[in-house]
Each structure stands twice: as structure tokens, then as C-alpha cells.
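Step one of this worksheet: look at the structure below.
Just so it is clear: chains get the letters A, B, ... in the order the sequence lines come, proteins before strands, and each one is counted from 1.
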Amino acid sequence: MSGDVVQPRLGLVGWLRWAWRQLTSMRTALLLLLVLAVGAVPGSIFPQRSIDATRTAQWLTDHPTAGPILDRLGFFEVYASPWFAAIYLLLFTSLVGCVLPRTKQHLKALRARPPRAPKNPDRLGASLVETVDGTPDEVLTAWRKTLRAARFRVDSHDDNSLSAEKGYLKETGNLAFHLALIGIIVGVAVGHLWGFKGDVILPEGQTFANTLSRYDTFSPGPQVDAADLTPWTLTLARLDAVFEEDTTREGQLGMPRDFTAHVEFAPTAKAPVEDRTIKVNQPLETGNGTVFLLGNGYAPHITVRDAQGTVIYSDATPFLARDNNYKSVGAVKVPGATPKDLGFAGLFLPTGTITEHGPESMFPQPLDPYLALTVFEGELFPDGAPQSVYELDDSAMTQLRAEGSDQPLRLWIKAGQSIDLPGGRGSITFDGVERWAGLSVRTDPGKSLTLGAALLALAGLIAMLTVRRRRVFIRVSEAEPDAEGRQRTLVRVGALAKDDDEGMTDELAGLAERVKDHR
Amino acid sequence: MSDQTLAQFSMLSLYSAMGVLTLAMLAFAAHLAWLLPARDEAAEHVEEYELVAAGGVSDAEPGPATSAAAYRPGDGELPSRARSAGGIASSLTILGTLLLTASTVMRGLEVHRMPLGNMFEFALTGSTFVMLAYVGWSLRRNLRWLGLFVTGPAVLVLGLAITIWYVDGAELMPSLKSYWLVIHVTIATLSMALFGIGAAVNALYLWQDHVERLGARSFMNRLPGSRQLEKLAYGLHIIAFPLWTFTVIAGAIWARQAWGSYWNWDPKEVWSFVIWVVYAAYLHARVTTGWRRQNAAIIALAGFACIVVNYGIVNVFFVGQHSYSGL
């Protein structure tokens with residue numbers, strides 16, 4: 001017995017065709033959607049390097065075992081990780097593979113006539129059979145008018161039937177929705193390639209010019225040439241900050257209420273200066289980048305003098321807020337001091353007090369500002385490596401001790417006060433407080449495309465979910481004349497809907513009602 | 001009226017609404033419970049009839065189709081106790097919804113803005129939308145069978161709102177001061193309300209499907225059949241899904257305005273995206289050949305679980321730019 005069945009071999013092309021079929025099937029799309037949903041979740045649980053690098057580093061330090069493994073798997077950069085990209089690229093390939101053939105088909109259907117009416121339309125889901133007055137032609141004309149008025153596309157394949165169809169917009173919407181999703185992806189990519197993002201901390205009174213060197217951080221897209229930046233300038237005249245002063249509402253005292261940056265803006269190097277304001281939710285459009293007010297804080301003005309009284313450092317020094325009451329950390333680096341470089345590190349407290357937990361701020365406004373500093377001397381920049389302006393690298397420095405003790409020297413300086421440093425190292429003066437604005441300049445040339453595509457997707461979605469595709473078929477034949485010899489016609493109407501459509505029966509009844517008006 | 005008086009009246013109105021809605025919930029429960037005994041009688045009756053009709057075939061079990069069809073009479077044939085409980089429940093629901101709406105409106109007047117600035121206000125407005133949607137919908141069709149499953153969760157959410165989410169009314173922080181708050185959060189809340197009712201109907205669908213399969217006798221036999229429940233749930237979802245899509249788009253526009261970039265993969269954005277994708281999967285699952293409607297319904301319920309996570313967990317425990325819970 002030869003029981004072996006010889007299977008036709010698929011071959012490479014066959015396998016590819018099979019794989020493509022699988023990928024573009026609805027089942028695969030569904031599976032990929034679910035995988036995409038699950039794949040996006042880790043990014044909300046683990047800190048993401050691109051969003052909060054400090055927290056990510058902290059997490060890695062706290063979890064020495066799991067950290068590196070998860071890091072290698074891309075859990076701290078989920079949305080840029082290869083596996084996440086694999087999911088959405090497969091999904092979009094599947095989408096294209098599904099939608100393009102359907103678009104072709106739909107374009108054909110849009111130009112095609114509704115199909116020929118079946119022999120017995122009254123056997124369809126919703127139907128109507130009646131005998132009415134008039135010739136078959138008159139009846140068909142009445143139905144034709146009614147169906148046209150109800151926005152059906154009407155055609156007839158022979159003299160005694162009508163075929164009508166409506167709801168092409170459903171499929172149009174469906175395709176528009178899916179194609180618009182591709183538009184969103186393209187818009188995101190354009191923004192990524194040609195957009196830039198730069199941040200700068202600008203103390204009151206200082207001017208920022210839109211050139212690469214003036215940014216604290218600058219992250220351009222791969223296609224951005226930093227030489228093309230328009231040299232607009234912006235001076236921070238004043239930053240107003242309002243905090244809740246009402247003490248009657250629980251937990252609200254000191255909460256932020258309003259931040260307004262008053263700036264003098266010049267769109268080009270030679271253009272006249274205009275007064276503008278930047279607020280949260282109210283950015284400034286410059287023509288080359290939008291300026292957002294994303295942060296603020298205090299820059300205590302600090303002056304350091306040497307033993308002879310010569311000023312060796314005098315500047316508004318930005319400190320970074322660490323809590324809601326603007327307890328802020330920062331550092332003062334004085335490379336020109338003798339005998340060795342001096343470094344100060346510590347806290348700025350807008351409304352300072354000393355509690356059992358150390359220096360704290362009681363309120364975000366500078367009601368009673370203090371500096372709490374410790375002092376180091378030695379080499380400020382030991383290996384020339386870049387370092388944060390808010391932190392002191394004390395690896396090549398020694399901490400100064402309080403005179404006659406082995407406790408570190410702690411300076412507690414009130415605004416306006418001057419303190420002499422021990423051992424003839426000069427003095428430090430806390431002259432006063434200014435605010436700084438954290439400005440972010442961003443461009444995203446893809447954003448209009450993304451928004452337009454998103455709105456198109458929404459419109460397509462609504463059309464796809466609300467429009468119903470319906471077909472109506474009518475056949476007429478002569479019936480027995482009535483008693484007075486007037487001609488009568490037998491009408492058989494059937495209606496067919498795609499998907500579940502409970503409204504079809506009602507629509508047919510409504511149409512039949514309106515036909516009477518057209519007779 | 002001063003803000004403080006408004007605050008007091010708002011809370012008073014809220015407590016009253018919760019009391020009334022709790023009573024409505026109990027009345028709805030009684031309504032469902034009292035459907036049962038009368039149906040037992042009817043069931044015995046039908047069973048006898050069936051045995052005769054089947055010609056004494058002993059292994060004739062009441063198939064799902066017959067029992068479902070036979071036991072689902074219209075409202076007119078309901079036992080009178082169930083009918084009056086349902087009537088009381090409906091009236092109480094309308095009263096409770098009015099009180100709840102009044103509470104929300106007064107809270108808004110107290111804080112001089114849309115009451116959507118923190119978890120408490122969000123829960124309050126969300127519950128109000130759920131109740132208004134239910135009452136509005138029940139004007140068009142008999143929804144007494146659904147009442148328990150809407151008032152119950154609403155009372156639960158309000159209970160959480162006044163206990164663990166409560167914060168005094170206050171001015172907003174700068175990043176929330178935008179007309180986009182009204183657009184983005186109102187639509188988000190409305191969409192979540194509809195997804196919530198949709199989830200309740202979907203859960204009932206799965207239950208009904210189970211009951212029909214077993215051919216079991218249950219008060220569920222008096223509810224709409226599984227096919228109809230599934231369609232109702234789908235109807236709710238296709239309204240809620242575009243609203244959610246709009247929520248995400250409006251949120252992106254606002255994010256660009258406030259934070260400089262329209263998409264930052266903030267935890268809240270991640271979860272809004274996850275919710276959107278899961279519900280998109282539901283819509284696909286429903287039309288995928290070879291996929292059972294039951295599984296599609298389970299995906300939709302998973303979507304609602306994501307909404308609960310997004311609201312109850314992400315707001316409070318995840319670090320992100322949407323940290324406005326006020327807790």
C-alpha cells in the first residue's frame with residue numbers, strides 16, 4: 001500500500017507568501033496589538049533614562065543584581081529599545097499589508113455599480129412585499145427617487161429591478177484611519193530627525209542668545225545643523241512667582257499658583273526689542289523654536305573675597321529646588337583663590353530655619369533667605385572632566401574644619417551677611433537673591449503632520465464606527481389590475497446590511513413610508 | 001453665597017446623593033432578587049409543557065435556547081414586587097443623580113473652575129457623568145436590570161472619593177491653568193464613564209452567556225439575552241472609543257503647550273496609550289473570524305482594568321508629570 005502522500009513543496013517564495021499572509025492576517029494584528037499594550041507597560045514602571053536620568057541611575061544603584069540585566073534588556077529605554085521597535089514595526093507592516101490591498105479593492109468598489117438584484121430579494125434579511133397602484137415603471141421611479149434622497153447609490157441591471165447601496169464612507173473611514181496612523185508615525189519621525197531641544201537656566205537680568213554655546217544642554221535631531229540657529233535674543237527682565245498664602249485650606253499653603261517670566265525679546269540680532277511674557281501653558285514662539293518656561297528657582301548672589309579684600313568671585317549662582325518649599329542645592333566654585341581653589345557646597349533656603357533634621361525651608365518665597373554651606377579646598381577640576389555646576393567634585397579636595405574642633409565647618413549665612421573664612425582665606429558674602437527661569441527651546445517640524453494625521457484618524461474612526469453599509473434590492477412585476485381596471489404592481493424589496501445591523505428593518509420601513517410621498 | 005458656604009452645601013448634597021443612591025442600589029438589588037420566585041413557577045410550568053411536547057423523551061434537557069426564549073417575558077409580566085422595587089429604584093436614582101449633579105456644580109462654583117483638578121473632583125465628576133449617562137439612556141429603554149451594576153460602582157467610587165481621595169477645594173497649580181483642562185479632562189471623564197457602563201454590560205454579557213450555556217435558572221433569565229447584551233456593550237464602546245481617542249489627542253496638544261513636547265512617555269501617557277491599544281484590540285477581536293465574542297468581551301474588560309490602574313494607581317503611586325492627585 002502506498003500510503004505516503006506527497007505534499008507539494010512550498011519553496012522559498014511559497015514560504016515567504018505564507019509568512020506574509022500570516023503577518024497581514026487580522027489574528028496577527030490582534031496579537032501584535034495586545035503585545036504592544038503589554039510591551040508599553042514596563043516604561044511606566046521603571047524610570048526611563050530619557051525622561052529622568054537621575055532616577056534611573058539611582059534605581060541601578062539600588063538594584064545591583066536586577067539593574068544591569070534589565071538595563072541590557074532595554075527596560076530603562078523601553079520606547080527606544082529594539083524589541084519595542086520590533087513590535088510596532090511588525091504591527092505597521094501588518095497594517096500596510098492589510099490596508100493597501102483593501103484600498104485597491106475599495107477604490108474599485110467606489111467606481112463599481114451595486115450588484116444585480118437577486119431573483120427573490122424578499123428572501124433577504126429585511127424584506128417587504130406589497131402590491132401597490134401604478135405601473136412597474138412608476139413604482140421603480142418612486143423608489144429610485146426615495147433611495148437617492150436617502151443617499152443611496154442607485155443602479156439597475158434590468159428594466160424591472162433596482163440595486164442600491166450606501167455607506168461606502170464606512171470603508172473609506174476605516175482605510176483613512178489606518179493610513180492616518182502611518183502619517184502619525186511619519187510625523188513623529190520627522191520631529192525626531194529635524195527637531196531640536198535645548199535647555200538653559202537664565203537668572204534675572206541675563207540675556208540668552210540662540211546659539212549653540214549658550215545652551216546648558218542641547219539635543220538636536222540627526223538632521224539638524226546647529227549653525228542654522230536663528231540668533232534671536234531674550235533677556236529675562238523679571239520672573240514673578242506666586243504661591244498659595246491662604247492657610248485655611250489643608251495642604252495648600254505654599255503650593256505654586258503662577259509663574260510669569262517677563263522677557264525682552266529680539267527676533268533677530270538687529271531687530272528692536274519687544275516686551276513679552278512667558279508662562280506655563282503660554283510659550284513664546286520665536287520663529288526658530290518655541291520657548292517654554294519649564295522650571296524656576298533661586299540664584300543667590302554670592303561674593304567671595306580674598307584676604308586682601310579683592311573680589312575673586314561675584315555672581316548670581318543658580319541652585320536647584322529639591323522640595324516644594326524650594327530648599328535648593330548648589331555649589332560655588334572659586335578657582336582663583338589662594339592658597340588653593342575654594343569650593344562651597346550646600347543649601348539655599350528661601351525661608352530658612354534650622355530644625356532637628358538640619359536646615360529646612362518653611363515657605364517658597366524669599367521671606368528670610370539663608371545659605372547653609374560647607375567649605376572645601378584643594379583642586380576643583382582634578383581631571384578636567386565635565387561636572388555638574390550644582391555639585392562639587394570633592395575627590396581632590398579636603399573639607400575645612402571648624403576652628404578648634406574636628407567637626408566640618410558649617411556656614412549659616414543670612415542674606416546681606418558676610419562671614420570671614422578661617423585661616424586667612426578671605427570672606428564670603430551673601431549679597432541677595434535673584435530668581436532664575438528654566439527655559440526650554442524646542443522645535444518639532446513634524447508636529448503639524450502628526451496632529452493632522454491624528455485628527456484624520458479620529459474622523460476616519462468616527463465614520464467607520466457610525467456609518468452603516470446597506471444594500472437595498474427591488475424587483476417589480478405587474479399584478480392583477482384592481483376592480484376599476486387600474487394597473488397594480490407587485491413590489492418585492494429586500495435589504496442587506498454588512499455586520500449586525502438592527503436598524504436595517506427600521507430603515508426599510510422608513511424608506512417604504514417615504515416612497516408614498518414620491519408617488 | 002461665599003465659597004465656604006458653597007463647599008458645605010456641595011458636601012451636604014454629596015452625602016445626600018450617596019445616601020439616596022445607596023437606597024437605589026438596594027432597591028435595584030431587590031428588583032433583581034424578586035424576579036426569581038415568580039420565574040420558578042413559570043419555569044416549572046414551561047418544563048411540564050416541554051415534556052409533554054417532547055413526547056416524554058426523558059433525556060430532553062432544557063436547552064439554552066428554549067429556556068432563554070421562554071423565560072424572557074417583557075416588563076409587563078414581571079412579578080409585582082419586582083416591578084414596584086424597580087420603580088422605586090428608578091425614582092431614587094433620578095433623585096440621587098440630581099443631588100450628585102448639584103454637588104458637582106456647587107464644587108465647581110466654589111473653586112471657580114471645572115471641578116477636575118484632583119482625584120476627589122475627578123471621581124465626583126466621573127460618577128456624575130456615569131449617573132447622567134445611565135439616567136439619560138434609561139429614558140430611551142428599560143434599564144432597570146442594569147441599575148444595580150451602575151449605582152453600585154458609583155457609590156463605591158464616591159465612597160473612595162470622600163475617604164481616601166478627599167482634598168479641600170483650591171486654586172490650580174500653574175500647569176493645569178489652561179482651557180485644555182476643560183476639554184481634555186471632561187472628555188476623558190465622560191469617556192471613562194461610558195467605558196465603565198460598557199464594562200458592566202460586558203460583564204453581564206459573559207455571565208448571561210454562562211447562564212444560557214448551562215441552561216440554568218437564574219434571575220439573569222429575565223435580563224436581555226447574551227446576544228443583545230453584547231451588542232449593547234459594543235454600542236457603548238464605539239461611543240467611548242472615539243472619545244478616548246480625542247482625549248489622547250487633546251492631551252497631546254496640551255502637553256505640547258505646557259511641557260514643550262506632545263508626547264513624553266509620562267506614565268499617564270503610557271497608560272492612556274495602553275488603554276487605547278487594548279480597546280483597539282477589542283474592536284479588532286470582535287471582527288476577527290475564529291475569535292469568539294466572549295474573548296473580545298474579556299479584552300474589553302481588560303481595557304477597563306487598565307482604566308482603573310491608570311486612575312487609581314498611576315495617579316497616586318507613579319512618578320510623572322500628571323501628579324496632580326493632591327494626595
Side-chain angles (χ1 to χ4, degrees), chain A residues 25-27 29-31 33-34 36-38 40-41 43-45 47-48 50-52 55 78-79 188 191 195 197 242 244 246 248-252 255-260 279-283 290-294 440-442 444 447 450-451 454-455 457-458 461-462 465-466 499-500 502, chain B residues 4 167-178 180 227 231 234 238-239 241-242 245-246 248-249 252-254 256-271 273-278 280-281 283-285 287-291 299 302-303 306 314 318-320 326-327:
Chain A
S25 78
M26 188 77 121
R27 255 164 199 282
L30 177 56
L31 186 73
L33 275 172
L34 292 173
L36 181 67
V38 175
V41 171
S44 72
I45 298 169
Q48 298 294 293
S50 55
I51 299 169
D52 195 338
R55 258 184 73 226
V78 167
Y79 309 107
V188 171
K197 172 184 152 184
V242 181
E244 183 64 62
D246 180 357
T248 59
R249 294 184 197 260
E250 201 189 324
Q252 293 295 331
M255 293 301 278
R257 290 297 173 238
D258 183 58
F259 300 116
T260 306
K279 287 160 99 77
V280 185
N281 272 313
Q282 198 184 300
T290 311
V291 187
F292 298 89
L293 175 63
L294 293 190
S440 188
V441 184
R442 298 174 184 213
D444 185 348
K447 69 175 192 295
T450 307
L451 178 63
L455 292 176
L458 180 61
L461 186 64
I462 293 171
L465 293 175
T466 53
D499 317 317
D500 305 341
E502 284 178 330
Chain B
Q4 230 121 47
V167 286
D168 279 338
E171 208 183 318
L172 292 174
M173 56 178 113
S175 61
L176 290 180
K177 280 183 188 158
S178 166
W180 285 104
R227 218 177 116 75
K231 275 189 188 169
Y234 175 69
I238 61 168
I239 303 171
F241 187 68
T245 310
F246 177 82
V248 174
I249 296 173
I253 297 172
W254 188 14
R256 194 267 170 185
Q257 198 78 0
W259 303 328
S261 161
Y262 60 78
W263 198 265
N264 304 290
W265 292 110
D266 174 77
K268 193 90 184 180
E269 289 173 349
V270 173
W271 279 91
F273 172 74
V274 168
I275 291 164
W276 191 85
V277 171
V278 172
L283 294 180
H284 281 84
V287 293
T288 302
T289 41
W291 261 71
I299 294 179
C306 291
V314 175
F318 285 26
V319 181
L327 300 176

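- Contact of R442(A) with chain B is made through the side chain alone, with heavy-atom distances under 4.5 Å.
- Looking at I253(B), the atoms closer than 4.5 Å to chain A (heavy atoms on both sides) all sit in the side chain, from C-beta outward.
- Using cut-offs of 30° and 60° for the angle between ring planes, the Y79(A) and W265(B) rings count as parallel.
- Taking T245(B), V248(B), I249(B) one by one and counting their heavy-atom pairs under 4.5 Å with chain A, the maximum is reached by I249(B).
- Annotation: maximal heavy-atom pairing with chain B below 4.5 Å, among S25(A), P283(A), A37(A), G195(A), occurs at A37(A).
- I238(B) touches chain A through backbone and side chain together, each having a heavy atom under 4.5 Å away.
- Interface remark: I239(B) contributes no atoms to any contact with chain A (heavy atom separation under 4.5 Å).
- Contact between N264(B) and I51(A) at its shortest, heavy atoms only, is O-CD1, 3.2 Å.
- Contact of S50(A) with chain B is not made at all, since no heavy-atom distance falls under 4.5 Å.
- In this structure, chain B has heavy atoms under 4.5 Å from both the backbone and the side chain of V188(A).
- Between the side chain of E244(A) and the backbone N or O of R257(A) there is no donor-acceptor pair closer than 3.5 Å.
- With a 4.5 angstrom heavy-atom cutoff, L294(A) touches chain B only via side-chain atoms.
- Contacts of W276(B) with chain A are made by side-chain atoms alone, with heavy-atom separations under 4.5 Å and no backbone atom involved.
- Residue with the most contacts toward chain A among A281(B), A302(B), S261(B), C306(B): A281(B) (heavy-atom pairs, distance under 4.5 Å).
- Remark: side-chain polar atoms of D266(B) are paired, donor with acceptor, to backbone N or O of K268(B) under 3.5 angstrom.
- Only the side chain of W271(B) comes within less than 4.5 Å of a heavy atom in chain A; its backbone stays farther off.
- Proximity to chain A is limited to the backbone of T289(B), based on heavy atoms less than 4.5 angstrom apart.
- Applying the ring-ring contact (aromatic ring centres under 6.0 Å, His included) rule to Y262(B) yields no partners; only residues at least two apart in sequence or on another chain are considered.
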